[in-house]
There are 2 protein chains.
Amino acid sequence: MLKRERLDLIMKMVTEQNFIAVSDLAKTMNVSEMTIRRDLDELSKAGKVIRLHGGVQALSLQMKTEQNFHEKREIHIAEKKEIAAIAASLVEDNETIYVGPGTTLEFMVARLDQENLRIVTNSLPVFETARKNPHNYQLILVGGSYRRISGTFYGALANDELDSMNYDKAFVGVNGISDAELLTADIEEGQTQSIGLNNAQKKVVVADMYKFNHRDFYQFYSLYDIDELVTNKQASPDVLEYYRQYTSIRTGIDS
Amino acid sequence: MLKRERLDLIMKMVTEQNFIAVSDLAKTMNVSEMTIRRDLDELSKAGKVIRLHGGVQALSLQMKTEQNFHEKREIHIAEKKEIAAIAASLVEDNETIYVGPGTTLEFMVARLDQENLRIVTNSLPVFETARKNPHNYQLILVGGSYRRISGTFYGALANDELDSMNYDKAFVGVNGISDAELLTADIEEGQTQSIGLNNAQKKVVVADMYKFNHRDFYQFYSLYDIDELVTNKQASPDVLEYYRQYTSIRTGIDS
DNA sequence: GGTACTTCTAACATTTTTGATCAGAATTCC
DNA sequence: GGAATTCTGATCAAAAATGTTAGAAGTACC
């Protein structure tokens, strides 16, 4: 039985039964539990499954349909889910986090599994996704003027409100990264996000490989001031090597 | 059986049966009672369940208010739509209005047909409805802490934000009207609404006939300070007569 | 109130699960 | 074929989960 077959079978069994124990999987496939654990790590990091003590759980139906919905209109879903899984793992119990707008960050809040989080966001889609997370986290939506295209709140009101709080960690997405510049399409949204970053102890940027060496209109932050850049493991080693001069980069493979 | 699976099953059984004994849970899941107690501690700390001597109880109070909330959406629809239509007609072109939470006000923003409005609200359902209005009005959602039961934003953040703006008109709903008192169920939501009223040139209250002579927990405003009370035409003439001593009342029939 | 009974808490013992590491097996690539 | 890479299984210490007590606290009944 090939590894690929095994992964497929695991996915099939998990989606059918919702919960499965590592021991069951090992028995039905005739491999050691260690192997299953490694498989599950891989599936979990790819954002396809939720790892539990003793076994796995399928993504909730809500999350799945939500993801299918996104899949229809969004690109690079696999990469984004992978990045979302890593970003979600950076959060710790009892933290207050700012989460900016973006599909990747929607996937991230869907996957959060820590205890007692307080989530602050100015993105309506992120807020809606967080609301469906089985953990009933405390949610704070930063209000203000509403931009229909992106579903975000911006402007003086939003900025003041965001600025009145402090965060353990901030997670933001970008449209492009070019040298030390983080770029986005909209001035006001960029400014709002930079406030979220400023008020956070630890500043995290999520960006799939396609964002590197890609420019956009407005430069809203410097990569030098970012603590952690999360991207997917398919990013070219040369690119990663180059950007490591600016900040610490985290991908799927290494720690 | 995985731990998570067990927790899910406990939640399911508790919500179905309202109360379950620790011993029952232990027996049906084939684990020791100590394990169940630890599970219950966890669920209780997460605020999902109420721990009692001998067993657990579902969140009866929340459940009830939530039921009331959903029930509220269902009843007196015709009256609410009638009131909503009148309230919507009070708005004029180019105005900035504050709209509080409530089913009636959802109907109202759906019906708005004026030009160039700016709508401020702290209710997510109202916001969502306004978003679907074919006129692309400027929408400002007042953010803050989120109350899942009612879908509203409240707290210091929301209050500050609301207080920083001025409105041509404010529209709020109530749970009850008794003499000159406007009553609602929740202190914080009441306070937020009173700020919206304070900062409005013209203060409008919408209330169907069933709200008259009905008391509730928190008194958040005085009917003396309200400019216009909108209700449905089936309200008894005696009641209308009585309440006209406090403010101007508008119904479906007369102007 | 007092007694008998049940349930709870806390501490410790036991079992299960995990992640890290390493050596051997399988696979791929030249 | 042989080297390099990837995959797998075994071992083991640490962590997590569970079970087992004994004494404390709560409840019910007289």
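Naming: A, B, ... by sequence-line order, numbering from 1 per chain.
Just one of A:Lys81, A:Glu82, A:Lys80, A:Glu79 meets the side chain to side chain contact (heavy atoms under 4.5 Å, CB included) condition when paired with A:Thr104; it is A:Lys80.
To the nearest angstrom, P of C:dT18 lies 11 Å from CD1 of A:Ile36. Distance, B:Arg51 CZ to C:dT7 P: 12 Å, rounded to whole Å. Between B:Arg4 atom CZ and C:dT17 atom P there is a gap of 18 Å when expressed in whole angstrom units. Distance, B:Glu42 CD to D:dT18 C1': 13 Å, rounded to whole Å. Between A:Asn30 atom CG and C:dA25 atom P the separation is 18 Å, expressed in whole Å. Summarising the geometry, the separation between CD on A:Glu33 and P on C:dT16 is reported as 11 Å, rounded to the nearest angstrom. In this structure, A:Asp41 places its CG atom 13 Å from C1' of C:dT17, rounding to the nearest Å. As rounded to whole Å, 10 Å separates atom P of D:dA17 from atom CG of B:Leu7.
Side-chain N/O atoms of A:Arg38 include none lying less than 4.0 angstrom from OP1 or OP2 on C:dA20. Between B:Arg37 and D:dT20, a side-chain N or O to OP1/OP2 separation shorter than 4.0 Å is absent. Here B:Thr35 reaches the OP1 or OP2 of D:dG19: one of its side-chain N or O atoms lies under 4.0 Å away.
A ring-centre distance under 6.0 Å is found for B:Phe127 and A:Tyr146. You'll find the ring centres of A:Phe212 and A:Tyr243 inside the 6.0 Å limit.
Nearest to the side-chain atoms of A:Met34 among the listed nucleotides D:dT20, D:dT8, D:dA10 stands D:dA10. Set against C:dT6, D:dA17, D:dG9, the side chain of B:His53 has C:dT6 as its closest nucleotide. The nucleotide whose nearest atom lies closest to any side-chain atom of B:Ser32 is, among C:dT18, D:dG19, D:dG9, D:dG19.
A:Met11 is listed as a side-chain neighbour of A:Leu43, based on a closest heavy-atom distance under 4.5 Å.
Across all strands shown, A:Leu52 has heavy atoms under 4.0 Å from sugar-phosphate atoms exclusively, and none from any base.
Here the shortest heavy-atom pairing between A:Thr192 and A:Phe153 reads CG2-O, 4.3 Å.
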